[in-house]
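So the structure is just underneath, and the comments pick up after that.
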Amino acid sequence: MSNARETEVAILGAGMTEWGKWGKPFVEYGVAAIREAIADAGIDYSDVQFVAGAATVRNGYPGYVAGATFAQAMGWTGVQISTSYAACASGTQAIASARAQILSGAVDVALVVGADTTPKGFLAPSKGERGDDPDWLRFRLLGATNPTYFGLYARRRMDLYGATPEDFAAVKVKNAQMGAMNPRARYKKAFTAEDVANSPVVADPLRLLEICATSDGGAALVLCSKEYAAKKGIANPVKVRGISTVTPTFPNQLIDMPNFATDSAAGVAHVGPSFKDSIAAAAYAEADMGPDDMDLAEVYDLSSALELDWIENIGLCKEGEAEKMLRDGDTALGGKIPVNPSGGLGAFGEAVPAQAIAQVCELTWQLRGQSGDRQVEGAKAGVTANQGLFGHGSSVVCVR
Amino acid sequence: MSKPQVSAKPEWFVHDGEPPHLIGTQCEQSGTYHFPPEYTMSRAPGFADSALTEVQLSRTGTLWSYTNAGYQPPSPYVPVAEPFEPFAIAAVELAEEQMVVLGQVVEGVSADDLQVGMEMELVSAPLFEDDDAVHMVWKWKPVSSGATEGANA
């Protein structure tokens, strides 16, 4: 797209709680993140014309109507709202919803927010006898949890590309080192390879310290038109330049949560990039940029091994070469392209509707040069990548 | 008196077939298969008006990948052993259908016994038991394995 600059919106403010496991109402985390983002933006909440909420399905009705829930918590102002649910990709859909409002000219200032309070242990499906819900059935008929799928991908990397358990542990160690420098991370311990090896196997070959936890947390962004940012005296804001919320193309040949099977390629051959390869590609295309233009990446390391898949999926190297990048230190802080300088999910755990927004918060602080010890020097552009179960792609390209 | 065996998901799996098999549907015009069976409309773009025919899916394939459940999955998984015994889970690629289908691996075969590319076959094996019946499900078994579960298949 040649008009990438015309489709940019500015990020005026970013806010995010520390991630943890406190069991407080999710609204509290969201409100804390909103207040920080509003203050960071230098505006008053009454200036917000649109609230895009990312929903949570684990906190009852208020979670399903997150946009209204946060608008009420902030004090009704008559503000217009939307609520998005796309599993782990919910945050990106909320960002896309806010951007559409701004680019259409309907509003100048929009707030994006997501927050979650999670139960202990595995994420489980909705209760009841739900014999037509694949997410329920996979637990009943297969005993397949989310880590089951991560284990399948990891084992395939080992058998196809020669990845080793030591490689997977090295991803965790790298991200733990970065998380130890991030005050908002839940886990601030610089775990060692030995710590990983001593943790129990959850889904062969992955161990407990390599599977992301479920966390509480909230993240928020204030987005606005570039004109509004200029009016506020922000000459060079961080900008959202590309967003991807793509779905797969038929036939999707990679087994995805919560499915029992892939699509069949017996009748119709798959053409073009795989679903996971198409996710960031769509955001790059919209931004009129490519992986070589990126200075950092925040990817969805639901497991340590999955980060290696993402490195390839977002185009940082060819398929089967991520282990080499990792071993060469290319993805560490100070390397060619640091991946997950926030510490990633390994250091945060997953607060589902907040997570994709949190990725963009990290890009915002990195591109502003506000990331302290974990700062990627001279970062001018970054990409996020994420995927929500049931076929949700999610990627955002930000520039400054 | 032994309890009757029933399929844990009769719409998808025929446990007492000769042999036991998964039920899929095939789009007549494109040839695409669907599992779970799809009856409303072909998912192959452009074949909306094609008829969907019920078919038995292939019972053998090659191991695409595998893992295990090291911890007891949450409900609605029904615990079968106290304390919990880890079990393996396989993703098997069916050659004819060109699709990957998940299933538990039969008892007695662990992740250590598996390797990508192995030949696997589908068998009927107990998933759990309640007061009324033994609920049977499809499981994957290495063709070369000496595992006894599902040996009746």
Give every donor-acceptor pair between chain A and chain B closer than 3.5 Å, one pair per line, or write none.
{"residue": "A:Gly131", "atom": "O", "partner": "B:Lys9", "partner atom": "NZ", "Å": "2.6"}
{"residue": "A:Arg140", "atom": "NE", "partner": "B:Pro76", "partner atom": "O", "Å": "2.7"}
{"residue": "A:Leu142", "atom": "O", "partner": "B:Gln104", "partner atom": "NE2", "Å": "3.2"}
{"residue": "A:Leu152", "atom": "O", "partner": "B:Ser65", "partner atom": "OG", "Å": "2.5"}
{"residue": "A:Arg156", "atom": "N", "partner": "B:Ser65", "partner atom": "OG", "Å": "3.3"}
{"residue": "A:Arg156", "atom": "NH1", "partner": "B:Trp64", "partner atom": "O", "Å": "3.0"}
{"residue": "A:Asp159", "atom": "OD2", "partner": "B:Val116", "partner atom": "N", "Å": "3.0"}
{"residue": "A:Val202", "atom": "O", "partner": "B:Gly70", "partner atom": "N", "Å": "2.8"}
{"residue": "A:Asp204", "atom": "N", "partner": "B:Thr67", "partner atom": "OG1", "Å": "3.3"}
{"residue": "A:Asp204", "atom": "N", "partner": "B:Asn68", "partner atom": "OD1", "Å": "2.9"}
{"residue": "A:Asp204", "atom": "O", "partner": "B:Thr67", "partner atom": "OG1", "Å": "2.6"}
{"residue": "A:Phe260", "atom": "O", "partner": "B:Leu102", "partner atom": "N", "Å": "2.8"}
{"residue": "A:Thr262", "atom": "N", "partner": "B:Val100", "partner atom": "O", "Å": "2.9"}
{"residue": "A:Thr262", "atom": "OG1", "partner": "B:Val100", "partner atom": "N", "Å": "2.9"}
{"residue": "A:Ser264", "atom": "OG", "partner": "B:Tyr33", "partner atom": "N", "Å": "3.2"}
{"residue": "A:Ser264", "atom": "OG", "partner": "B:Glu97", "partner atom": "O", "Å": "2.7"}
{"residue": "A:Ala265", "atom": "N", "partner": "B:Gln98", "partner atom": "O", "Å": "3.0"}

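For a residue to count as touching a neighbouring chain, one of its non-hydrogen atoms must lie under 4.5 Å from one of that chain's; by this rule A:Leu208 touches chain B with the side chain only. Within the 4.5 angstrom heavy-atom criterion, only side-chain atoms of B:Val137, from C-beta onward, approach chain A. For a residue to count as touching a neighbouring chain, one of its non-hydrogen atoms must lie under 4.5 Å from one of that chain's; by this rule B:Phe128 touches chain A with the side chain only. Contacts between B:Ala44 and chain A at a heavy-atom distance below 4.5 Å involve backbone atoms as well as side-chain atoms.
Between chain A and the residues B:Leu114, B:Val101, B:Val116, B:Val100, the largest count of heavy-atom pairs under 4.5 Å involves B:Val100. Note: B:Gly31 leads B:Ala8, B:Gly24, B:Gly31, B:Ala91 in heavy-atom pairs under 4.5 Å with chain A. Highest contact tally toward chain B, considering only A:Ala124, A:Pro147, A:Gly131, A:Gly143, is held by A:Gly143 [criterion: heavy-atom pairs under 4.5 Å]. The most heavy-atom pairs under 4.5 Å with chain A, out of B:Cys27, B:Pro76, B:Gly70, come from B:Pro76. When each of A:Ala265, A:Pro134, A:Pro125, A:Gly151 is checked for heavy-atom pairs under 4.5 Å with chain B, A:Ala265 comes out on top. Among A:Val268, A:Leu160, A:Leu141, the residue making the largest number of heavy-atom pairs under 4.5 Å with chain B is A:Leu141.
Minimum interatomic distance between B:Pro74 and A:Phe139 (heavy atoms only, all atoms of both residues): CG-CE2, 3.6 Å.
Atoms CG and CD1, from A:Leu142 and B:Ile89 in turn, are 6.5 Å apart once rounded to the nearest 0.5 Å.
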